[in-house]
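Report on one structure; see the data block that follows.
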Amino acid sequence: MFNAEELNLTEKLVHINRVAKVVAGGRRFGFTALMVVGDGEGHVGFGHAKAKEVPEAIRKAKEEAIRSLIFVPRRDQTIYYPVIGRQDASRVMLKPASEGTGVIAGSTIRAVLDAVGIKDVLTKALGSRNPLNLVRAVFDGLQQLESPEQVAARRGKGN
């Protein structure tokens, strides 16, 4: 695990949704929040939480995001190779791009990639555009990435 105090995390609120529970007297409203945190140096996490009030949902989502931090290997400001992340009906294609290209992505995917610190990448959302599934699909793709050193170690190559 990572020590969140050492990482200087930035937080991005990706999506807030109002949900309703129908009870005998009418509807009870609540809120869900989807948040991404990252340090711009390869550490990123996301959280999804529910509460009766928006600020409480955001606070809970942030805490969950900090607990779910992962490390993403990067080459300079892009990724090593193309990957496709999958979650339910959502798929996200991530392709490395040359320096100066920027992040070509929709707002949901961009929030995750900005938090990781990836500056040059091409993306395409395929299938469902549900924000939670898109974030999970991006995380699936990022978790598939390995640095050349990790690949060599897995194959038993190198010194």
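Heads up: numbering here begins at 1 and tracks the sequence.
- Put simply, CG on L34 and CG on N17 are 10.0 Å apart, with the number rounded to the nearest 0.5 Å.
- Two different hydrophobic clusters hold L122 and I118 under the rule that ILVMFWY side chains link at heavy-atom gaps under 4.5 Å.
- Contact check for D114 versus V36: no side-chain heavy atoms found under the 4.5 Å cut-off.
- No donor-acceptor pair closer than 3.5 Å links the side chain of R27 to the backbone N or O of A20.
- Taken from NE2 in H48 to CZ in R136, the straight-line distance is 7.5 Å, to the nearest 0.5 Å.
- Rounded to the nearest 0.5 angstrom, I79 CD1 and D76 CG are separated by 13.0 Å.
- Side-chain atoms of K124 and V92, non-hydrogen and from C-beta on, never get closer than 4.5 Å to each other.
- For the pair A49 and A57, the tightest heavy-atom approach, listed with the atom from each and the gap, is CB-O, 3.7 Å.
- Put simply, the side chain of R91 never gets that close to the backbone of G85: no donor and acceptor are under 3.5 Å apart.
- The main-chain N or O of S128 is found under 3.5 Å from a side-chain atom of S90 such that the two form a donor-acceptor pair.
- The neighbour count for R129 CZ, taken as heavy atoms of other residues, nucleotides or ligands under 6.0 Å away, is above 12.
- In R154, the CZ atom is crowded: over 12 heavy atoms of neighbouring residues, nucleotides or ligands sit closer than 6.0 Å.
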Handout entry: Criterion side-chain contact (heavy atoms from CB on, under 4.5 Å) on V37 and V44, from CA distance to verdict
Key = CA-CA 6 Å; V37 299; V44 67; over 6 Å; no
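- In this structure, D39 contributes its side chain and E41 its backbone to a donor-acceptor pair below 3.5 Å.
- Taken together through direct or relayed side-chain contacts under 4.5 Å among Ile, Leu, Val, Met, Phe, Trp and Tyr, I104 and V83 form parts of separate hydrophobic clusters.
- With F31 as the aromatic partner, R18 does not meet the cation-pi criteria of under 6.0 angstrom to the ring centre and within 45 degrees of the ring axis.
- Taking the ring-ring contact (aromatic ring centres under 6.0 Å, His included) definition, one finds that F139 meets it with F46, sequence neighbours left out.
- Following chains of ILVMFWY side-chain contacts shorter than 4.5 Å, one cannot reach L145 starting from M93, and the two form parts of different hydrophobic clusters.
- Distance check, rounded to the nearest 0.5 Å: NE2 of H15 to OG of S107 gives 10.0 Å.
- Taking both residues in full, the closest heavy atoms of G45 and L69 are given as N-CD2, 3.5 Å, listed atom of the first, atom of the second, then distance.
- P131 and T108 make their closest contact through O-CG2, 3.7 Å (heavy atoms, listed as atom of the first residue, atom of the second, distance).
- Listed for the K12 side chain is no donor-acceptor partner under 3.5 Å among the backbone atoms of V112.
- Side-chain atoms of D120 come within 3.5 Å of backbone N or O of G100 as a donor-acceptor pair.
- At least one donor-acceptor pair closer than 3.5 Å links the side chain of D140 to the backbone N or O of R86.
- In this structure, the side chain of T78 does not engage the main chain of R75 through any donor-acceptor pair within 3.5 Å.
- The cluster map of Ile, Leu, Val, Met, Phe, Trp and Tyr, joined by side-chain heavy atoms under 4.5 Å apart, puts I84 and I70 in different clusters.
- No donor-acceptor distance shorter than 3.5 angstrom exists from the side chain of Y81 to the backbone of K95, with no hydrogens or angles considered.
- Without hydrogens or angle criteria, E64 side chain to A61 main chain gives no donor-acceptor distance under 3.5 Å.
- Remark: E53 pairs with no residue by the salt bridge (charged side-chain N to carboxylate O under 4.0 Å, His left out) rule, at least two apart or across chains.
- Smallest separation of non-hydrogen atoms from A125 and L134: CB-CD2, 3.9 Å.
- Ion pairing of R59 with E63 is present here, as a side-chain N (NZ or NE/NH1/NH2) and a carboxylate O approach within less than 4.0 Å.
- What you find for V116 and V72 is that their closest heavy atoms are CG1-CB, 4.0 Å.
- Counting heavy atoms from C-beta outward, P96 and Y80 have side chains that stay 4.5 Å or more apart.
- Residue L13 comes nearest to I16 through the heavy atom pair CD2-CD1, 3.4 Å, listed as atom of the first residue, atom of the second, then distance.
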